[in-house]
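Notes for the one structure printed next.
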Amino acid sequence: MFRLRPALEGDDSAIRSLVKEGRINPTGLKWPRFVVAVTREGEVIGCGQVKPHRDGSIELASLIVTAEWRGRGVAAALIEHLVSAHKKDMYLMCRSSLGAFYERFGFRSVPETELPPYFRRISRLASLTEIFRKEAETLLVMKRFASEFHHREHRERGGN
């Protein structure tokens, strides 16, 4: 199986390789923010980070799992770990085809008019690029409302 742990400095090259393999935005890759999924042998098979932005928003970012480990719960474990450690509203950007996957974790699509400045700017830039049009995709910005999950967790633990 696999386990999750905070990234170590020696994981930096594996993180960068995964991000490149997944064709994910390579900016803002600071290994101390990452959590990695590793095999018993110590091979990094997945990673993700929570990236802060200047406007105060935070982003679930750089989430990628190696092809041979997809469909085995690695991404779900990374997402659950990362969102549980942050009690603020959290955004993410993904291909439109992945929207239903992230909805399982409480993320909802957000209209451009309700986005923080960083995400509004990226959304507008993405609409101008050919990358998504070639693949019949759009960039989807989603948000997970921390207050909604705080109340749900409280109810599940027997609170009112």
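Along the sequence shown, the residues carry numbers beginning at 1.
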So, the side chain of [X] versus the backbone of [Y]: is there a donor-acceptor pair under 3.5 Å, distance only?
X: Lys51; Y: Ser62; value: no
X: Gln49; Y: Gly28; value: yes
X: Arg5; Y: Val38; value: no

TODO: Spell out, yes or no, whether Met142 and Leu63 are grouped together once hydrophobic residues are joined by side-chain heavy atoms under 4.5 Å, including indirect joins.
DONE: yes
- [ ] Indicate if Val110 and Leu139 have the same hydrophobic cluster label, given that clusters are the connected sets of ILVMFWY residues with side-chain heavy-atom separations under 4.5 angstrom.
- [x] yes
TODO: Please lay out, stage by stage, how Phe2 and Thr39 fare under the test side chain to side chain contact (heavy atoms under 4.5 Å, CB included).
DONE: CA-CA 4 Å; Phe2 67 91; Thr39 63; 5.5 Å; no
- [ ] Identify which one of Leu92, Leu82, Val83 satisfies the side-chain contact (heavy atoms from CB on, under 4.5 Å) criterion when paired with Val50.
- [x]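 One option only clears the test, and that one is Leu82.
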Atom pairs and distances, donor-acceptor, side-chain atoms in residues 66-73, under 3.5 Å, two or more places apart:
from: Arg70; atom 1: NE; to: Val65; atom 2: O; distance (Å): 2.8
from: Arg70; atom 1: NH2; to: Val65; atom 2: O; distance (Å): 2.9
from: Arg72; atom 1: NH1; to: Glu68; atom 2: O; distance (Å): 3.1

Approximate separation, where rounding is to 0.5 Å, of [X] [atom1] and [Y] [atom2]:
X: Glu59; Y: Arg33; atom1: CD; atom2: CZ; result: 9.5 Å
X: Phe119; Y: His53; atom1: CZ; atom2: NE2; result: 4.0 Å
X: Glu112; Y: Arg121; atom1: CD; atom2: CZ; result: 12.0 Å

Task: Closest heavy-atom pair and its distance - Cys47, Leu18 - done: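 Shortest heavy-atom separation between Cys47 and Leu18 comes out as SG-CD1, 3.9 Å.
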Open item on the list: On a heavy-atom basis, which atom in His81 and which in Val35 lie closest, and how many Å separate them?
Closed with: CD2-CG2, 3.6 Å
I'd like to check [X] versus [Y] (side-chain heavy atoms, cut-off strictly below 4.5 Å). Are they in contact?
X: Asp12; Y: Phe34; result: no
X: Tyr102; Y: Ile79; result: yes
X: Trp31; Y: Asp11; result: no
X: Lys143; Y: Met90; result: no

Task: Arg120/Asp55 under salt bridge (charged side-chain N to carboxylate O under 4.0 Å, His left out): CA gap, chis, key distance, verdict - done: CA-CA 11 Å; Arg120 191 173 25 241; Asp55 61 14; over 6 Å; no
